[in-house]
Number of protein chains: 2
Amino acid sequence: MNKISKAVVTRLPRYYRYLDELRQQNVERISSKELSKLMNVTASQIRQDLNNFGGFGQQGYGYNVQYLYDEIGKLLGLDVKHKMIIVGAGNLGQAIANYGNFRNRGFEIAALFDKNPDLIGKKTAHGQILDIADIYDYVKKHNVEIVALTLPKGPAKRIAQKLVECGVKAFWNFAHTDLSFSDDIIVENVHLSESLMKLTYRISEKNDSKE
Amino acid sequence: MNKISKAVVTRLPRYYRYLDELRQQNVERISSKELSKLMNVTASQIRQDLNNFGGFGQQGYGYNVQYLYDEIGKLLGLDVKHKMIIVGAGNLGQAIANYGNFRNRGFEIAALFDKNPDLIGKKTAHGQILDIADIYDYVKKHNVEIVALTLPKGPAKRIAQKLVECGVKAFWNFAHTDLSFSDDIIVENVHLSESLMKLTYRISEKNDSKE
DNA sequence: TAGATTGTTAATCGATTAACAATC
DNA sequence: TAGATTGTTAATCGATTAACAATC
């Protein structure tokens with residue numbers, strides 16, 4: 001299979017979301033043209049994107065919603081369980097832990113870790129808050145696939161480095177820093193402040209053009 | 001000024017972050033070449049990006065770190081105050097409210113809103129939690145620039161629509177849905193679950209290639 | 001069979017990289 | 001002045017859109 005471009009991968013979850021809604025509305029089939037109208041993209045792009053992964057549709061018919069939904073789900077790895085731990089049990093960490101749909105999509109929040117003694121031992125809806133000091137033993141013992149980093153950048157960098165040495169292969173990074181490891185370590189960044197700056201850029205841009 | 005591409009705008013906050021770090025390390029000047037090594041991009045791209053906004057550098061010298069930092073800050077609209085309210089005072093809403101650096105960067109969290117009677121009246125570090133029922137009066141009275149939507153997609157869509165009618169022009173949307181208004185309304189999306197799916201896509205991809 | 005719509009190739013568009021003249 | 005490095009034009013690369021033959 002050819003290397004799939006980053007742009008295509010970014011669009012897959014959005015297709016998945018729209019197909020889920022259609023599925024819930026009991027829509028059985030949809031053409032690239034109809035879907036393109038719904039999603040505000042070109043039909044051509046939808047067909048190109050999907051054909052990166054092989055033919056999911058049928059000439060003259062379109063795409064079967066449930067089938068396409070399932071296939072994209074498999075591409076996104078949502079057909080298998082993913083064990084995740086959360087490092088940093090502040091508001092953001094707990095927000096992620098408590099997001100109900102994750103469980104439905106095959107994510108298991110195995111534990112949260114924090115250094116704050118007031119939080120350690122506390123039970124949340126999804127897993128107990130454990131002492132950050134025990135995290136390395138924990139990941140060596142349990143089969144942790146994803147580590148969400150919801151703590152300040154200094155400790156995030158340091159702890160992530162040690163976790164890589166313990167065998168962790170994938171990070172969901174909310175710390176305001178770039179983590180760079182070797183190529184086989186996957187890092188997906190969510191930089192909230194940068195998202196907000198994109199917003200204020202657009203506000204400024206609009207205000208400037210009015211003057 | 002020509003229309004700046006989305007890709008360039010996405011990179012601006014990252015430049016800003018690196019320049020901030022250099023500035024804090026008292027680095028006075030930097031060349032596009034040095035910065036490119038630090039950031040893992042090409043020097044050519046840095047020069048192209050910056051020249052969208054005019055010449056910030058000097059031949060033979062490079063860029064003055066503090067000056068470039070300030071200029072990019074202005075482009076990002078960080079030289080002016082932004083009044084923001086948060087709709088949905090759950091963990092995610094509170095995480096955003098409590099993120100300390102926002103205040104330093106000119107963001108003022110004026111209030112949080114929720115429908116949950118247990119939360120209403122509660123004081124957080126940045127503003128009190130108010131009754132969602134009062135939000136429309138609030139935005140009409142106060143000069144709210146940005147509304148962060150940290151609540152489920154159903155109410156998010158409904159409330160955002162009404163807020164637009166009250167004059168709100170910019171949304172920071174964490175709900176798992178696309179908001180579509182007219183072109184003069186700015187919507188910046190943070191779809192956390194889609195970010196996580198990109199991560200699991202890459203995990204699956206890696207596992208598949210091993211087989 | 002005729003109509004619809006995909007899968008796929010070709011054309012276009014835009015973004016990134018390379019090259020170099022301008023200039024500090 | 002010589003060296004360094006920008007600003008900017010040109011070349012390349014990749015992504016999106018258009019077109020259409022294949023086929024259900």
Side-chain angles (χ1 to χ4, degrees), chain A residues 1-15 18-19 22 27-72 75 178 194 198 201-202 205, chain B residues 1-15 18-19 22 27-72 75 198 201-202 205:
Chain A
M1 196 183 279
N2 295 337
K3 177 73 187 155
I4 306 301
S5 86
K6 225 179 161 185
V8 173
V9 177
T10 301
R11 286 193 291 267
L12 282 182
R14 188 155 179 266
Y15 292 134
Y18 275 86
L19 288 164
L22 289 165
V27 177
E28 206 172 89
R29 59 177 278 260
I30 195 158
S31 69
S32 57
K33 198 178 166 190
E34 290 171 291
L35 188 58
S36 75
K37 265 186 232 161
L38 221 56
M39 294 185 65
N40 238 325
V41 295
T42 64
S44 210
Q45 181 167 73
I46 293 175
R47 294 203 299 277
Q48 283 280 22
D49 282 353
L50 297 178
N51 269 82
N52 281 300
F53 307 99
F56 295 137
Q58 195 171 63
Q59 280 102 329
Y61 171 85
Y63 300 89
N64 178 285
V65 171
Q66 180 69 52
Y67 174 72
L68 186 55
Y69 172 80
D70 290 339
E71 289 301 311
I72 293 178
L75 289 171
D178 296 324
E194 298 187 10
K198 281 203 278 179
Y201 173 87
R202 289 163 68 193
E205 189 187 36
Chain B
M1 197 183 279
N2 295 337
K3 177 75 186 152
I4 306 300
S5 85
K6 224 179 162 184
V8 173
V9 176
T10 302
R11 285 193 291 267
L12 282 182
R14 188 155 179 266
Y15 292 135
Y18 275 86
L19 288 163
L22 289 165
V27 177
E28 206 172 89
R29 59 177 277 261
I30 194 158
S31 69
S32 58
K33 199 178 165 189
E34 291 171 291
L35 189 57
S36 75
K37 264 186 234 162
L38 221 57
M39 295 185 65
N40 238 324
V41 296
T42 63
S44 209
Q45 181 167 72
I46 293 175
R47 294 203 299 277
Q48 283 280 23
D49 283 353
L50 297 179
N51 270 82
N52 280 300
F53 308 99
F56 295 136
Q58 196 171 62
Q59 279 101 329
Y61 171 84
Y63 300 89
N64 178 285
V65 171
Q66 181 69 52
Y67 174 72
L68 186 55
Y69 172 80
D70 290 339
E71 288 302 312
I72 293 178
L75 289 171
K198 280 203 277 180
Y201 174 87
R202 289 163 68 193
E205 189 188 36

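Chain naming here is simple, since letters A, B, ... match the order of the sequence lines and numbering starts at 1 in each. Just so you know, these numbers use all the heavy atoms, side chains as well, and skip hydrogens, waters and symmetry mates.
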Check nucleotides 9-13 of chain D for protein N or O atoms closer than 3.5 Å to its own N or O atoms and list the pairs.
unit_1, atom_1, unit_2, atom_2, d
dT9(D), O4, Q48(B), NE2, 2.7

Where do N or O atoms of nucleotides 2-7 of chain D meet protein N or O atoms at under 3.5 Å, pair by pair?
unit_1, atom_1, unit_2, atom_2, d
dT5(D), OP1, R29(B), NH2, 3.4
dT5(D), O4', G60(B), N, 3.0
dT5(D), O2, G60(B), N, 3.3
dT6(D), OP1, S32(B), N, 2.6
dT6(D), OP2, S32(B), OG, 2.6
dT6(D), O2, Q59(B), NE2, 3.4
dG7(D), OP1, F56(B), N, 3.4
dG7(D), OP1, G57(B), N, 2.9
dG7(D), OP1, G57(B), O, 3.2
dG7(D), OP2, N51(B), OD1, 3.1
dG7(D), OP2, Y63(B), OH, 2.9
dG7(D), N7, R47(B), NE, 3.1
dG7(D), O6, R47(B), NE, 3.3
dG7(D), O6, R47(B), NH2, 2.9

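Between the CD1 atom of I4(A) and the P atom of dA15(D) there is a distance of 11 Å, given to the nearest Å. In this structure, CG of D49(B) is placed 10 Å from C1' of dT16(C), rounded to the nearest angstrom. One interatomic measurement links the two molecules: CZ of R11(A) to C1' of dT17(D), which rounds to 12 Å at whole-angstrom precision. The NZ-C1' distance, from K6(B) to dT16(C), rounds to 18 Å in whole Å.
Take V27(B) and apply the side-chain contact (heavy atoms from CB on, under 4.5 Å) test, not counting sequence neighbours, and it matches L22(B), Q25(B), V65(B). Under the salt bridge (charged side-chain N to carboxylate O under 4.0 Å, His left out) criterion, R29(B) pairs with no residue at all, not counting sequence neighbours. Taking F56(B) as the reference, L50(B), F53(B), Y63(B), Y67(B), L68(B), E71(B), L75(B) meet the side-chain contact (heavy atoms from CB on, under 4.5 Å) condition, with sequence neighbours excluded. Every residue two or more places apart in sequence or in another chain that forms a ring-ring contact (aromatic ring centres under 6.0 Å, His included) with Y69(B) is listed here: Y16(B). Listed by chain and number, the residues in a side-chain contact (heavy atoms from CB on, under 4.5 Å) with V9(B) are K198(A), Y201(A), I4(B) (sequence neighbours excluded).
Going from atom CD of E34(A) over to atom CD1 of I30(A) covers 5.0 Å, rounded to the nearest 0.5 Å.
Here the closest non-hydrogen pair linking L35(A) and Y18(A) is CD1-CB, 4.4 Å.
Between dT17(D) and T42(A), a contact under 4.0 Å exists linking OP1 or OP2 to a side-chain N or O.
Residue pairs meeting the salt bridge (Lys or Arg N to Asp or Glu O under 4.0 Å) criterion with at least one partner in residues 57-70 of chain A, sequence neighbours excluded, do not occur; the list is empty. The salt bridge (Lys or Arg N to Asp or Glu O under 4.0 Å) analysis of residues 35-57 of chain A, with sequence neighbours excluded, yields the pairs R11(A)-D49(A). For residues 52-63 of chain B, no pair satisfies salt bridge (Lys or Arg N to Asp or Glu O under 4.0 Å), with sequence neighbours left out.
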Could you tabulate the donor-acceptor pairs under 3.5 Å formed by side-chain atoms of residues 39-46 of chain A, not counting sequence neighbours?
unit_1, atom_1, unit_2, atom_2, d
T42(A), OG1, Q45(A), N, 3.1

Intra- and inter-strand pairs of DNA chain D in dot-bracket (Watson-Crick or G-U wobble, both distances under 3.5 Å; | for another strand): ..||||||||||||||||||||||

